[in-house]
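All ligand and atom numbering here is 1-based and tracks the order in the structure.
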Amino acid sequence: RRMVELSKKIKMVENIQIPLVGHAYMFLGSDEDRMNVFQDLGMKALDSGGLMSIWQGNRLYIIVADPVNAEAVTKACLEKDYVMKCSRLLTGNGSVFAPVPIWRPRRKFLAPTFSPKNLAQFMNIFSRQSTVMVDQLQKAAGKGTFSIWKYITTYSMDSVCETTLGVRVDAQKQYDLPFLKAFERLCRLDSARLCQPWLHNDTVYSMMPRYTEHMECKDTLCGFIDKIIKSKRQSIQERNDENSDVIKERTKTFLELLIESTGGEKGYTDLELLEETLVLVLAGTDTSAVGTAFTTVMLSRHPDVQEKVYKEINEIYGDSDRPIVTEDLLKMKYLEAVIRETIRLYPPVPLIVRRVDKDVTLPSGITLVKDCGIVVCIWAINRNPDYWGDDALEFRPERFLNLTLKHPAAFMTFSFGPRGCIGYRYAMISMKTAVASIVRKYRIMPATPADSNGKHKPLRVKFDVMMKAVDNFAVQLENRV
Ligand code: HEM
């Protein structure tokens, strides 16, 4: 009843409401249809002052498209929505989807492992893996249109596995490893389940044939990581026995940092380590890969911007083919602006869903009642003309040079508040290294040429756990000489 009263205070989406279903039917259709619905709802929320409401079955969801309300809800509503419980089948109590009492101490242990000092020691890994990616891309250079996604996502997977677990999975060279296949399949199964409300119930899902497949893939993935955890514990023990300072100074993976920061043998159990490292592999791989892939597409469509990026890189390296180091990344200010502008317009995670666990009064005076859901529409907030100007929909990287945000939550790509992305610095290092390595060697060209006015058709996007390009990030490459 309180939700019904609230729904009268916030503009409701105009589509017909079906008894018991509400507006849930709007999300049926293809991945592209679903993304179009999210975009449309976000833009309508913008038009109605930043908030909009929608019924999913018997629950009211509030769509938030302005940074003032987004800041308030991302700080006050830390519980993930019930719909996210589906993903716990894979990540258990891993921090990304865990209930607040479990998440809070875990975030405390995880946060220091992402310190700039720890991240800087990973630079040689990103650099080496990006060299492998550039070599692999040679197969596609000069051969017309192709999808760059496979190359970028395997670069990301190799980097994340090496920095998190300390293993070289060589995904860039061998695509058919059981671990990789299980990872890919699980992402698809999870995404399909999230978008089909009738599969949300655990009992119903456990009776479906796809549940068996889900659990088989989970066993493959977890078995692989569990073996690594056990052997890492063993080698840390051996190193401690040796007491060698030289060895202690080498690169420490997230797994080792977590074992240490939680108190070694007396700290996290193997299960807790498994859940947290699995979260890092899942949250860190495709997110950064999508950001990198969208950036290559934007560079292909904006040759003037690409030339500026190339010039900046050329000033750093000239004719040298030395590897990229941390200091180089600090000099790539324009490239950083290009990546930020890309992920403003094309945020890899276009929305987040939270649950109101106790009444929350928004700055506008509206009180969100316990148990309603909140969809923070990152897509729309990042395009809000009140905060980005009349050219909010245009790709203009210059806006990020010396930018002071009009509101701290106006750029929402990495979310906001205590539960925002912990890996944003890591992601920026990974994306900058990847894009710089590609532009250093290749000229990126669009899949199809621009029209006579130099304009391209709008980029078509779909919702597939993350937001991706419908054409799977098609571009062309040409060697720079
Ligand atoms: C462009 C790349 C990335 C984007 C756009 C992104 C986006 C996000 C967003 C939107 C959230 C917040 C969800 C919420 O507020 O409910 C999040 C959470 C998280 N991200 Fe990222 N992420 C990226 C890269 C990474 C990387 C590289 C890692 C780790 C290596 C990572 C680890 C995490 C973790 C662990 C959380 C959960 C935080 C918590 O609940 O305390 N992310 N990310």
May I ask you to establish whether R383 and Y346 are in a cation-pi arrangement, using a distance under 6.0 Å from NZ or CZ to the six-membered ring centre and at most 45° from the ring axis? yes
Among all residues two or more places apart in sequence or in another chain, which pass the side-chain hydrogen bond (donor to acceptor under 3.5 Å, both in side chains) test with K308? E398
For R340, what residues pass the salt bridge (charged side-chain N to carboxylate O under 4.0 Å, His left out) criterion, not counting sequence neighbours? E336
If we ignore angles and hydrogens, is there a donor and acceptor under 3.5 Å between the side chains of H214 and Y205? yes
Under a 4.0 Å heavy-atom cut-off, which residues neighbour ligand 1? K80, S95, V96, W103, R107, F114, V279, A283, G284, T287, S288, P348, V349, I352, R354, T413, F414, S415, R419, G420, C421, I422, G423, Y426, A427, M431
Taking the six-membered ring of Y82 as reference, does the cationic atom of R355 (NZ for Lys, CZ for Arg) lie under 6.0 Å from its centre and within 45° of its axis? yes
Contacts of R193 that satisfy salt bridge (charged side-chain N to carboxylate O under 4.0 Å, His left out) - sequence neighbours left out: D202
